[in-house]
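These notes are about the structure you will find just below.
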Number of protein chains: 2
Amino acid sequence: MKVGEIRNKLIEKGLKVTPQRIAILEAIVKLNNHPTAENIIDYIRKNHPNIATATVYKVLDALVENGLIKKVKTEKDIMRYDAVMESHHHLYCSESDRIEDYKDNELNELLEKYFEKKKIPDFKIEDIKLQIIGKFIKNK
Amino acid sequence: MKVGEIRNKLIEKGLKVTPQRIAILEAIVKLNNHPTAENIIDYIRKNHPNIATATVYKVLDALVENGLIKKVKTEKDIMRYDAVMESHHHLYCSESDRIEDYKDNELNELLEKYFEKKKIPDFKIEDIKLQIIGKFIKNK
DNA sequence: TGTCTAATGAGAATAATTCTCTTTTAATAA
DNA sequence: TTATTAAAAGAGAATTATTCTCATTAGACA
């Protein structure tokens, strides 16, 4: 994702294009490891040393609200963010905090078909995400 | 889950049986809504007004470590707990904090078969949980 | 280029959780 | 049944992630 692309996405959503917003979105894309706010702050401060903590949190909230990034559910009381917006699943390492994306359209279709037949009573499905917990065999 | 049963589970895991531990496990079972630590504390203090906040957190951690309860992943920076230990999935309301259990063995088998055939490279699956996001049609 | 509103910066405030340390208590053995 | 001991609980302070407040700055648009 290039800066021009980020800029367009912000404009599309009616968000002002600011250097902070660009830097934060860029950071999440570049880090590409479902970073925490702290990870993002550390990364950005290298080039942008004066960005305020609160700004990062506010920008992250704004980006989530506007569908440019997503929050990632974890078992820690620390939020993580994901810039990959296509429907995808997550591989959670049971021994560390590593989280990887898992894209699988065949699986998505399988699930879609399954829940077309088998309805959940009193519930309208909007999205399905798999948390696949396990161990990475090779390390990164 | 009765007190005797809770007692046995604690003994099984080599945990001392204390009134606090029993009360906390009972609370999670009775509340049955994936409560937060705060929910649990409020509930317990009705009958057990002197229990310390730190005790609740420590007991919750001990119960999670020993596999008697599970943490539930959410997008809020607040932890929720679940006393249902059989493999099951969760229905997340997209409009509120409501989370319900979803048990479906047919689905589990489907997924198991699917991932037997289709391996994920460099990853050994231990557990799969679905986060099914949507809307509850009737309210509780 | 000026105006206006929204965004940012800085630091204080808050909320959930963890830590520290003293006291109490459950488990076990005598 | 009582004594012993290690683990657990209690109390409140400390920590950490996140949010709030408000003065200042800067995009967007006329």
Side-chain angles (χ1 to χ4, degrees), chain A residues 3-4 6-27 34-45 47-66 68-69 71-81 97, chain B residues 3-4 6-27 34-45 47-66 68-69 71-81 97:
Chain A
V3 173
I6 290 176
R7 187 179 292 274
N8 288 339
K9 289 196 178 191
L10 291 171
I11 292 168
E12 227 172 78
K13 298 291 178 178
L15 294 172
K16 277 192 192 171
V17 177
T18 67
Q20 292 83 348
R21 286 177 172 171
I22 292 171
I24 289 166
L25 243 175
E26 247 188 327
H34 310 86
T36 64
E38 207 194 344
N39 297 151
I40 295 165
I41 291 169
D42 290 349
Y43 182 89
I44 290 177
R45 290 228 169 111
N47 299 310
H48 213 293
N50 299 319
I51 195 164
T53 305
T55 300
V56 174
Y57 280 99
K58 274 182 285 192
V59 169
L60 288 171
D61 282 353
L63 296 177
V64 170
E65 266 173 39
N66 286 280
L68 296 181
I69 61 171
K71 291 183 174 186
V72 178
K73 293 180 173 67
T74 73
E75 279 170 9
K76 301 288 178 66
D77 66 337
I78 194 167
M79 197 49 60
R80 296 176 65 164
Y81 297 89
D97 293 334
Chain B
V3 173
I6 290 175
R7 188 180 290 275
N8 288 338
K9 290 196 177 191
L10 291 171
I11 292 170
E12 229 172 77
K13 298 292 179 181
L15 294 172
K16 276 193 192 170
V17 177
T18 67
Q20 291 84 350
R21 285 176 172 172
I22 292 171
I24 290 166
L25 244 173
E26 248 187 325
H34 310 86
T36 64
E38 207 193 344
N39 298 151
I40 295 166
I41 291 168
D42 290 349
Y43 182 87
I44 290 177
R45 290 228 169 112
N47 299 310
H48 214 293
N50 298 317
I51 196 164
T53 306
T55 300
V56 174
Y57 281 100
K58 274 182 287 189
V59 169
L60 288 170
D61 282 353
L63 296 177
V64 170
E65 266 173 41
N66 286 279
L68 297 181
I69 61 172
K71 291 182 173 185
V72 178
K73 293 180 173 69
T74 75
E75 278 169 10
K76 302 288 178 65
D77 67 336
I78 194 168
M79 197 49 60
R80 296 177 64 163
Y81 297 89
D97 292 333

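To find a chain, count down the sequence lines: A is the first, B the second, and so on, and within it residues start at 1. None of the values given here were measured: they were computed from a predicted structure.
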5' priority, DNA chain D, between R21(B) and T53(B) [closest heavy atom]:
R21(B)
I want to confirm an ordering. Mapping I51(A) and D77(A) to their closest nucleotides on DNA chain C, which one lands closer to the 5' end?
I51(A)
Measure the angle between the two terminal helix axes of the helix from dT1(C)-dA30(D) to dA30(C)-dT1(D), five base pairs each, and quote it to 10°.
40°
Sole residue of K71(A), R80(A), K73(A) in side-chain hydrogen bond (donor to acceptor under 3.5 Å, both in side chains) with E75(B):
K73(A)
As a quick check of understanding, evaluate side-chain contact (heavy atoms from CB on, under 4.5 Å) for I24(A) and I69(A), giving each step before the final call.
CA-CA 11 Å; I24(A) 289 166; I69(A) 61 171; over 6 Å; no
Taking every heavy atom of I51(B) against every heavy atom of Q20(B), the minimum-distance pair comes out as CD1-CG, 3.7 Å
What is the distance, to the nearest angstrom, from the CD1 atom on I22(A) to the C1' atom on dT8(C)?
14 Å
Euclidean distance, atom CG of residue L10(A) to atom P of dT8(C) [Å, nearest integer]:
10 Å
Within this structure, what is the CG-to-C1' distance between D61(B) and dA16(C), rounded to whole angstrom?
13 Å
Which atom pairs, one a donor and one an acceptor, fall under 3.5 Å between side chains of residues 52-64 of chain B and the rest of the protein, sequence neighbours left out?
| from | atom 1 | to | atom 2 | distance (Å) |
| --- | --- | --- | --- | --- |
| T53(B) | OG1 | R45(B) | NH2 | 3.4 |

Over all atoms of both residues, closest heavy-atom pair of I40(A) and A27(A)
CG2-CB, 4.1 Å
A62(A) near the nucleic acid: base, sugar-phosphate alone, or nothing, with a heavy-atom cut-off under 4.0 Å?
nothing
Outermost contacting nts on DNA chain D, any atom under 4.0 Å from chain A heavy atoms, listed 5' then 3', are dA17(D) to dA28(D)
dT14(C) C1' sits how many Å from E38(B) CD, rounded?
13 Å
Between Y81(B) and A37(B), which heavy-atom pair has the shortest distance, and what is it?
CE1-N, 4.3 Å
Let me know the distance between NZ of K71(B) and C1' of dT17(C), rounded to the nearest Å.
10 Å
Spacing between I40(B) atom CD1 and dA16(C) atom C1', to the nearest angstrom
13 Å
Non-neighbouring partners of D77(B) that pass salt bridge (charged side-chain N to carboxylate O under 4.0 Å, His left out), sequence neighbours left out
none
Write out all pairs satisfying salt bridge (Lys or Arg N to Asp or Glu O under 4.0 Å) with one or both partners inside residues 18-27 of chain B, taking only residues at least two apart or from two chains.
E26(B)-K30(B)
Considering the options T74(A), I78(A), I41(A), which one meets the side-chain contact (heavy atoms from CB on, under 4.5 Å) requirement together with T36(A)?
I78(A)
For side-chain contact (heavy atoms from CB on, under 4.5 Å), just list the numbers for L10(A) and T18(A), CA-CA rounded to whole Å, side-chain angles, deciding distance to a tenth of an Å, and then say yes or no.
CA-CA 9 Å; L10(A) 291 171; T18(A) 67; over 6 Å; no
Report the distance from atom CD1 of I41(B) to atom C1' of dT18(C), rounded to the nearest whole Å.
13 Å
Which heavy-atom pair separates L68(A) from K9(A) by the least distance, and what is that distance?
CD2-CB, 3.9 Å
Scan nucleotides 19-30 of chain C nucleotide by nucleotide, 5' to 3', and note B when protein non-hydrogen atoms come under 4.0 Å of the base, S if they reach only the sugar-phosphate, - if neither.
BB-----BS---
Quickly work out the I24(A) CD1 to dT8(C) C1' distance and round it to whole Å.
10 Å
